[in-house]
Amino acid sequence: RDHWMPDKASSVCLGCDAHFTLSRRRHHCRRCGLLFCGDCTKQRVPLPKRGFNSKVRVCDACVAKMNEPVVYETLPAALCSLPGELVDAAFFHSNINRATAEQMLSDAKDNTFLARFSSSDANSVVISCRRAGKTSHYLCVFTGSKFILKCGDSAKDRSYATVIDAAASIGLKPIGGGTVDEDVPDDVEEPSSSSNTDDYESDSD
């Protein structure tokens, strides 16, 4: 609570300017620490970077900021060496992060995917897909001539000529391209959310 605004620092909600009263109480947004009324802090989200792994009170402004698509000011250097398959592909998005990818896939058909850069490795592409009603993410390292689909065990990593080939090997088609019934091979693993191999960001305080 070190970043919380003192209760007496404002007599009005910093979201809607309504005056605090006995019935309209002060509430602190757990993300920014500012004072708001209950109506402006109805949403609940986890904030691991603040020490809140369960859902806690967050103001509307912070929720909107957390959901904003992230556009990188400088695109990864690998963009210059990526094959035309990605540079011109409708399914490849060079300027989005994991959260934005999940938003884009929220209404997609099962077993469809889009590709994006990994924010932590300029030589990696992430296959973000919709599978069984949820979003999954798989890492592909670009070597300059092929894509290596990471399987959680380097001895089992597989190489493919294109991202589409790598995605097809785990039963995926580009978003908008229909569905398939193939299951994911047992030795292909989704990167752990605690891993540093991709942009598994939570709250960006």
Side-chain angles (χ1 to χ4, degrees), residues 1-76 91-110 112-121 124-139 175-176 190-205:
R1 297 186 180 187
D2 293 342
H3 69 295
W4 282 18
M5 185 179 188
D7 287 351
K8 296 181 179 180
S10 180
S11 62
V12 299
C13 169
L14 298 180
C16 66
D17 293 327
H19 283 270
F20 294 123
T21 64
L22 290 176
S23 58
R24 185 181 291 113
R25 298 175 52 205
R26 292 174 171 82
H27 297 282
H28 286 90
C29 169
R30 270 50 173 180
R31 184 175 189 271
C32 67
L34 300 181
L35 291 168
F36 299 92
C37 67
D39 287 340
C40 292
T41 53
K42 287 181 177 179
Q43 302 195 64
R44 304 289 188 272
V45 296
L47 301 172
K49 289 187 178 180
R50 288 292 190 197
F52 301 108
N53 293 318
S54 57
K55 293 182 178 181
V56 292
R57 183 186 299 272
V58 178
C59 70
D60 294 340
C62 278
V63 171
K65 184 176 181 180
M66 293 166 66
N67 289 333
E68 284 180 355
V70 174
V71 178
Y72 302 121
E73 294 181 2
T74 303
L75 293 178
F91 66 84
F92 178 67
H93 301 269
S94 63
N95 61 347
I96 65 172
N97 65 359
R98 173 179 172 157
T100 304
E102 292 183 347
Q103 290 179 37
M104 295 174 67
L105 288 164
S106 61
D107 296 322
K109 294 180 179 179
D110 269 357
T112 57
F113 80 94
L114 58 82
R116 58 191 174 85
F117 280 122
S118 166
S119 65
S120 60
D121 186 346
S124 294
V125 171
V126 179
I127 295 173
S128 296
C129 64
R130 187 75 173 172
R131 190 190 295 282
K134 70 174 186 176
T135 308
S136 300
H137 307 270
Y138 299 91
L139 192 66
I175 189 169
E190 179 182 356
S192 167
S193 59
S194 60
S195 147
N196 292 321
T197 59
D198 187 24
D199 48 338
Y200 286 83
E201 70 287 351
S202 49
D203 179 35
S204 54
D205 291 301

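Numbers for residues simply follow the sequence, beginning at 1.
Here the side chains of Lys65 and Arg31 are in contact, with some heavy-atom distance below 4.5 Å. Contact check for Ile175 versus Leu105: side-chain heavy atoms found under the 4.5 Å cut-off. A 4.5 Å side-chain heavy-atom check between Phe36 and Cys13 finds at least one atom pair inside the cut-off.
In this structure, the side chain of Arg44 engages the main chain of Lys42 through a donor-acceptor pair within 3.5 Å. When atom types are taken as modelled, the side chain of Asp110 and the backbone of Gly133 share a donor-acceptor pair closer than 3.5 angstrom. With hydrogens and angles disregarded, a donor-acceptor distance shorter than 3.5 Å links the side chain of Arg24 to the backbone of His19. Panel note: side chain Arg26, backbone Ser10; a donor-acceptor pair is recorded below 3.5 Å.
By the 6.0 Å contact criterion, CG on Asp7 is enclosed, its count of non-hydrogen atoms from other residues, nucleotides or ligands being greater than 12.
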Item to complete: Take His137 and Ile127, measure what side-chain contact (heavy atoms from CB on, under 4.5 Å) needs, and give me the verdict at the end.
Response: CA-CA 6 Å; His137 307 270; Ile127 295 173; over 6 Å; no

Worksheet item: Would Ser118 and Leu139 count as a side-chain contact (heavy atoms from CB on, under 4.5 Å) if you check the C-alpha gap in whole Å, the side-chain angles of each, and the deciding distance to 0.1 Å?
Response: CA-CA 8 Å; Ser118 166; Leu139 192 66; 4.2 Å; yes

Discussion item. Checking Tyr138 against Cys129 for the side-chain contact (heavy atoms from CB on, under 4.5 Å) test, could you report, in this order, the C-alpha distance in whole Å, the side-chain angles of both residues, the deciding distance, and whether it holds?
Written reply: CA-CA 8 Å; Tyr138 299 91; Cys129 64; 3.7 Å; yes

Item to complete: Start with the C-alpha gap between Asp39 and Cys16, add the side-chain angles, then the distance that decides, and say whether side-chain contact (heavy atoms from CB on, under 4.5 Å) holds.
Response: CA-CA 9 Å; Asp39 287 340; Cys16 66; over 6 Å; no

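Here Thr100 contributes atom OG1 and Arg116 contributes atom CZ; the two are 9.0 Å apart, rounded to the nearest 0.5 Å. In this structure, CD1 on Ile96 lies 10.0 Å from CD on Glu102, to the nearest 0.5 angstrom. Rounding to the nearest 0.5 Å gives a distance of 12.0 Å between CG of Leu35 and SG of Cys40. Going from atom SG of Cys62 over to atom CZ of Arg30 covers 12.0 Å, rounded to the nearest 0.5 Å.
Among the candidates Leu34, Val58, Asp60, the single residue satisfying the side-chain contact (heavy atoms from CB on, under 4.5 Å) test with Cys29 is Val58.
The aromatic rings of Trp4 and His28 lie parallel to each other, their planes meeting at an angle below 30°, with 60° marking the opposite boundary.
Aromatic pair Phe117/Phe92: centroids less than 6.0 angstrom apart.
Side chains of His27 and Thr41: no donor on one and acceptor on the other come within 3.5 Å.
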